[in-house]
Amino acid sequence: MKSSKNILYLLFIIASVFALSCSGSIFKEAYPTLIDGQYDSEFPYRGCSKQLQEISETIKFVNCITYYKVHIFKEGSKIKKGELTDSLIEKITIQTRQTERTAAGTATIIYSEANKIALLTCSHIITFVDTIYSFENDSLGNYLPYLNAILIKERQDIYIPDLPEGGDLVVLCKDENYDVALLGKEFKKSPTFTVPCFKYPFGKAKELEWGTFVYLFGFPMGTKTLTKALVSSPNRDKNSSFIVDANFNEGFSGGIILAIRDGVPNFELVGMVKTMFADYEYVLKPTDEFNYSKHNPLVPYRGDLFVDKRVNVKYGVSKAIPTENIFDFLYSNRIILSRKGYDLNQILAPYF
C-alpha cells in the first residue's frame, strides 16, 4: 500500500516537472525574446499603457470651417464658366447668401519650442477649393454648360479646441499629392506648462511586412481613440504605401500609425491614416437654415431643394500615408519652415 502511494507521488512529481518544462517552452514560443531588428507581428507581451498615455497627450482634434458667399444668378443668363468676371457676377446676381463647408480630423504635435508648436495632419482635412460652380440642367437632369450659381471662398478657420489662446492655427505648408500638411501656432505668451510633443522616432514603412502589428491614434466622431490593426499589402506602390484593417470612422484622418521594433516600448512612427474606402450617393435636402425640429413630416415640403453628397463608409480597410512621404514632405519644406521660425533639424537630423 505504502509503495503504491510512493509510486503515485513519484508519477505526480514527474508529471509536474514535465508540465512546467512544457509551459516554459510554450511561453518562450508565444513571447519570443529574439532581437531581430524587424517590426513585431505579435501582440505586445508586456504592458505599455504609460507610454501610450504619453503619446495620446500629443494627439489633437482639429476642425476646419470654410465660409463661402453664394451668388445665385438670374435665370436665363446663359453665362459660361470662362466668361465670368467680377463685374459680370455682380450684374447677374439676384440673391446672395452664406454657406459653409466643414471637416474634422486628427493632428499630432511633432514640434514644440518656446512659444511655437507644429502639428502633423492630412492635407485633405484643411483643403477646400476657392470657387465652386453650379450648372443648370435640362428636363432630363443632364448638366448644361451654363451657370446658375457660384460659391466663392471668403475665409477659413482651423482650430483645436483645447489649445491655449483660442486654438486658432495657420497652415505652415501642405502637399496635396502626399496628402500631408503641417499646421502651426505661435502663442502670444510662452505657455506656463510644457506642451506635450511626440518624441518617438520616424520608422520605415518599407520595412513593414504582412501581419505587422500596429497601434493607431485618432478622433473618430470627435472622440480620442486608440485602436490596433494589422498591416496588409505592404509596399503596395513605389512610395511604400500600405493598408490597415482597423475599423475607422470619420475624424480618424491624420491619425498616426505606430509599429513596434523588438518589443515595447520601442515605438516608431510608420505612417498616418489617410482615407477610408467609401462610395457616394446624392440626396435632396433643404437649405442649411431649414429647421427640422419644427417641420411636420406628414406635410409635403415645398421649399427650395439642393443636391447633397452623402458618404457611405466601407469599414475595415483604410489606406495609410507611409513615413517616407511624411519625411520627404518635411525635408523639402525645411527652409520655408525655418524662415517661419520652425526649425525641424532636431526631427530630421537623425536620418541623415
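From a predicted model like this one, the values you see are computed outputs, not experimental measurements.
The heavy-atom pair separating A104 from I125 by the smallest distance is C-CG2, 4.1 Å. Nearest heavy-atom pair, D179 versus I321, reported as atom, atom and distance to 0.1 Å: O-CD1, 3.2 Å. The two residues I260 and P44 have their closest heavy-atom pair at CD1-CG, 3.7 Å. A320 and I257 make their closest contact through CB-CD1, 3.6 Å (heavy atoms, listed as atom of the first residue, atom of the second, distance). Closest heavy-atom contact between S318 and A246: OG-O, 4.1 Å. What you find for T323 and G271 is that their closest heavy atoms are OG1-N, 3.2 Å.
With rounding to the nearest 0.5 angstrom, the CG atom of L119 is 9.0 Å from the SG atom of C197. Interatomic distance, T96 OG1 to Q98 CD, rounded to the nearest 0.5 Å: 7.0 Å. Separation of atoms SG (C64) and CD (E100) is listed at 11.0 Å; rounding is to 0.5 Å. Interatomic distance, L169 CG to I117 CD1, rounded to the nearest 0.5 Å: 6.5 Å. K81 NZ to T131 OG1: the interatomic distance, rounded to the nearest 0.5 Å, is 8.5 Å. Rounded to the nearest 0.5 angstrom, T108 OG1 and M272 CE are separated by 8.0 Å.
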Self-check item: side chain to side chain contact (heavy atoms under 4.5 Å, CB included) assessment of I94 paired with F73
Solution: CA-CA 6 Å; I94 59 171; F73 296 156; over 6 Å; no
Practice problem: Could you give me the CA-CA distance, side-chain angles and deciding distance for S253 and K274, then say whether side chain to side chain contact (heavy atoms under 4.5 Å, CB included) is met? | Solution: CA-CA 5 Å; S253 292; K274 181 179 181 180; over 6 Å; no
Practice problem: Go through the steps for L216 and V273 under the test side chain to side chain contact (heavy atoms under 4.5 Å, CB included), then give the verdict. | Solution: CA-CA 8 Å; L216 307 99; V273 177; 3.9 Å; yes
Quiz item: Please walk me through it: do L183 and V171 pass side chain to side chain contact (heavy atoms under 4.5 Å, CB included)?
Solution: CA-CA 5 Å; L183 308 177; V171 179; 4.1 Å; yes
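Under the salt bridge (charged side-chain N to carboxylate O under 4.0 Å, His left out) criterion, E54 pairs with K199, sequence neighbours left out. S233 is linked by a side chain to side chain donor-acceptor pair (under 3.5 Å) to nothing, counting only residues two or more places apart in sequence or in another chain. Listed by chain and number, the residues in a side chain to side chain donor-acceptor pair (under 3.5 Å) with S240 are N235 (sequence neighbours excluded). In this structure, the side chain to side chain donor-acceptor pair (under 3.5 Å) partners of S241, at least two apart in sequence or on a different chain, are D237. Shown here are the side-chain contact (heavy atoms from CB on, under 4.5 Å) partners of N177, two or more places apart in sequence or in another chain: D175. E113 meets the side chain to side chain donor-acceptor pair (under 3.5 Å) test with Q346; sequence neighbours excluded.
Evaluation of the ring pair (Phe, Tyr, Trp, His ring centres under 6.0 Å) test over residues 205-238, restricted to residues two or more places apart or in two chains, returns F43-F213, F61-F219, F213-Y215. Judged as a salt bridge (Lys or Arg N to Asp or Glu O under 4.0 Å), not a single pair has a partner in residues 216-230 (not counting sequence neighbours). Under the salt bridge (Lys or Arg N to Asp or Glu O under 4.0 Å) criterion, the residue pairs touching residues 56-75 are K60-D162, with sequence neighbours excluded. Every pair passing side-chain hydrogen bond (donor to acceptor under 3.5 Å, both in side chains) that includes a residue from residues 200-209 is listed here, sequence neighbours excluded: E207-R261.
Side-chain atoms of S56 come within 3.5 Å of backbone atoms of Q53 as a donor-acceptor pair (strictly under, hydrogens ignored). At distances below 3.5 Å, at least one donor-acceptor pair connects side-chain atoms of N266 with backbone N or O atoms of D262. One N or O on the side chain of T106 and one on the backbone of G251 form a donor-acceptor pair closer than 3.5 Å. Listed for the D245 side chain is a donor-acceptor partner under 3.5 Å among the backbone atoms of L230. Not one N or O on the side chain of T212 forms a donor-acceptor pair closer than 3.5 Å with the backbone of L208. In this structure, N115 contributes its side chain and F187 its backbone to a donor-acceptor pair below 3.5 Å. One N or O on the side chain of R334 and one on the backbone of Y331 form a donor-acceptor pair closer than 3.5 Å.
Contact check for Q38 versus D40: no side-chain heavy atoms found under the 4.5 Å cut-off. At a threshold of 4.5 Å between non-hydrogen side-chain atoms, the residues L344 and Y111 count as touching. Considering only heavy atoms from C-beta on, N142 stays 4.5 Å or farther from N137 through its side chain. No side-chain heavy atom of I243 sits under 4.5 Å from any side-chain heavy atom of V231. Annotation: side chain of N239 is not in contact with side chain of E324 (no heavy-atom distance under 4.5 Å). Counting heavy atoms from C-beta outward, Q51 and V264 have side chains that stay 4.5 Å or more apart. The shortest distance between side-chain heavy atoms of N333 and L182 does not fall below 4.5 Å. A heavy-atom distance below 4.5 Å is not found between the side chains of I347 and N345.
Put simply, the residue from L120, I256, I109, I59 that forms a side chain to side chain contact (heavy atoms under 4.5 Å, CB included) with F198 is I256.
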Which atom pairs, donor and acceptor, lie under 3.5 Å between side-chain atoms of residues 144-160 and protein residues at least two apart or in another chain?
unit_1: N148; atom_1: OD1; unit_2: S134; atom_2: OG; d: 2.7
unit_1: N148; atom_1: ND2; unit_2: F135; atom_2: O; d: 3.4
unit_1: K153; atom_1: NZ; unit_2: F128; atom_2: O; d: 3.1
unit_1: K153; atom_1: NZ; unit_2: D130; atom_2: OD1; d: 3.2
unit_1: Q156; atom_1: OE1; unit_2: T66; atom_2: OG1; d: 3.1
unit_1: Q156; atom_1: NE2; unit_2: I126; atom_2: O; d: 3.1

Compile the donor-acceptor pairs under 3.5 Å between side chains in residues 84-91 and protein atoms, sequence neighbours left out, one pair per line.
unit_1: T85; atom_1: OG1; unit_2: S87; atom_2: OG; d: 3.2
unit_1: T85; atom_1: OG1; unit_2: L88; atom_2: N; d: 3.2

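Hydrophobic clustering places V170 together with I110 (ILVMFWY residues linked when any side-chain heavy atoms are closer than 4.5 Å, directly or through intermediates). Both F202 and L337 sit in one connected hydrophobic cluster of ILVMFWY residues. Membership requires side-chain heavy atoms under 4.5 Å apart, directly or through other members. Under a hydrophobic-cluster definition in which Ile, Leu, Val, Met, Phe, Trp and Tyr are linked whenever side-chain heavy atoms come within less than 4.5 Å, directly or via other members, Y133 and I79 are assigned to the same cluster. No continuous path of hydrophobic side-chain contacts links Y67 to V62 [ILVMFWY only; heavy atoms under 4.5 Å].
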